[in-house]
Structure formats: C-alpha cells, structure tokens
Amino acid sequence: MPRRRLNDLLLELHDELERAAPLDPSTRDDLLELAEELRETAAFDGGRPAESGLQGRVQEAVHRFEASHPALARVLANVIDTLALYGI
C-alpha cells in the first residue's frame, strides 16, 4: 500500500488537532490513539488487515466532529476513503 497518502493525512490530522478549537483532554487522547493505530496500519508495506472496528471508529469520529470541527471531520473522512481505497 502506498503509505505516503495515509501518512500525509495523519500529519494533516495532527495539524488540525493543533488548530482545532479546544477539545477536552479525553477526546484529544482518543483521537491521538486512533491516529497511532492508523500509523501502525500504514507502517506495513503491504498494509495489514483492518483491525476490528478501526474504520468504524474513524467514521464515528467523523460524525462526532462534523458540526463542531468540520476541518477535522474532513481529514478523518479522507482517512476513511484512503483506507477503503487500499482495502484496509
């Protein structure tokens, strides 16, 4: 799997987290943990099978932030599209 696209999106996600209106610490930690799981998935040359619920958790985050943090939700939606494109 071309890891570059997913890695670029993860960097964009971290940037958005820095720019986003204040998030409570628990929410920020959850997003950082999700980003780390995505990074681990991207670290394998051939990708690896999606861990149970990974894509679903990203989708849940999109729904959670689409009204309050639309730029963050957009990045997360792009992550979902990229995972689907590579069958993860």
Side-chain angles (χ1 to χ4, degrees):
M1 156 178 130
R3 295 175 288 169
R4 179 111 175 114
R5 175 70 179 140
L6 188 53
N7 285 329
D8 289 347
L9 287 170
L10 292 172
L11 289 173
E12 190 176 342
L13 176 60
H14 279 283
D15 290 345
E16 281 302 324
L17 283 171
E18 293 299 317
R19 288 190 296 254
L23 297 170
D24 66 84
S26 175
T27 299
R28 184 175 294 279
D29 288 347
D30 289 347
L31 285 170
L32 291 172
E33 181 179 317
L34 186 58
E36 182 58 30
E37 287 181 58
L38 291 164
R39 183 171 287 104
E40 289 171 5
T41 297
F44 292 88
D45 285 334
R48 71 176 187 193
E51 293 183 24
S52 177
L54 179 61
Q55 196 171 22
R57 290 195 334 264
V58 177
Q59 183 65 46
E60 182 180 305
V62 169
H63 290 288
R64 184 175 179 184
F65 295 110
E66 61 191 349
S68 62
H69 297 85
L72 185 56
R74 178 188 48 76
V75 173
L76 290 166
N78 288 337
V79 167
I80 291 170
D81 291 344
T82 301
L83 290 174
L85 181 65
Y86 297 110
I88 297 176

Asker: Are any of the side-chain heavy atoms of Gln59 and Gln55 separated by less than 4.5 Å?
Answerer: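 No; the side chains remain at least 4.5 Å from each other.
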Asker: Are the side chains of Asp15 and Val75 in touch, meaning some heavy atoms are under 4.5 Å apart?
Answerer: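 No, every pair of side-chain atoms sits at 4.5 Å or beyond.
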Asker: Would you say His14 and Glu18 are linked by a side-chain donor-acceptor pair, where the criterion is simply a distance under 3.5 Å?
Answerer: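 Not at all, the side chains of Glu18 and His14 share no donor-acceptor pair under 3.5 Å.
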Asker: Determine, for Glu60 against Arg57, whether the closest basic-nitrogen to carboxylate-oxygen distance falls under 4.0 angstrom.
Answerer: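 Between Arg57 and Glu60 there is no salt bridge, as every charged N stays at least 4.0 Å from the carboxylate O atoms.
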Asker: Roughly how far, to the nearest 0.5 Å, is CG of Leu23 from CZ of Phe65?
Answerer: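 Here the interatomic distance stands at 5.5 Å.
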Asker: Say whether Leu32 and Val79 are linked into one hydrophobic cluster, either directly or through other cluster members, by side-chain heavy-atom distances under 4.5 angstrom.
Answerer: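 Yes.
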Asker: Salt-bridge test for Arg74 and Glu12: reply yes if a basic N is under 4.0 Å from a carboxylate O, no otherwise.
Answerer: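 Yes, Arg74 and Glu12 are salt-bridged.
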Asker: From Glu16 CD over to Leu72 CG, what is the distance, rounded to the nearest 0.5 angstrom?
Answerer: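 It is 6.5 Å, given to the nearest 0.5 Å.
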Asker: Measure across Ala77 and Val62 and return the closest heavy-atom pair with its distance rounded to 0.1 Å.
Answerer: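 Smallest heavy-atom distance, with atoms named: N-CG2, 3.6 Å.
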Asker: Is the closest basic N to carboxylate O distance between Asp24 and Arg28 below 4.0 Å?
Answerer: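 Salt bridge: no.
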Asker: About how many Å separate CG of Leu34 and CG of Asp29, when rounded to the nearest 0.5 Å?
Answerer: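 CG of Leu34 is found 12.5 Å from CG of Asp29.
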Asker: Please name the pair of heavy atoms, one in Leu9 and one in Asn78, separated by the smallest distance, quoted to 0.1 Å.
Answerer: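 Nearest heavy atoms, Leu9 then Asn78: CD1-O, 3.5 Å.
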Asker: Mind listing the closest non-hydrogen atom pair of Glu66 and Ala73 along with its distance?
Answerer: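 Of all heavy-atom pairs spanning Glu66 and Ala73, the closest is CA-CB, 3.6 Å.
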Asker: Work out which heavy atom in Ala61 is nearest to a heavy atom in Leu76; give both atom names and the distance.
Answerer: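 Reported closest heavy-atom pair: CB-CD1, 3.7 Å.
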Asker: Looking at every heavy atom in both Leu38 and Leu6, which two are closest together, and how far apart are they?
Answerer: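 Leu38 and Leu6 have their closest heavy atoms at O-CD2, 3.8 Å.
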Asker: Between Asp30 and Thr27, does any side-chain donor sit less than 3.5 Å from a side-chain acceptor?
Answerer: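 There is no such pair (donor and acceptor under 3.5 Å, judged by atom type) between the side chains of Asp30 and Thr27.
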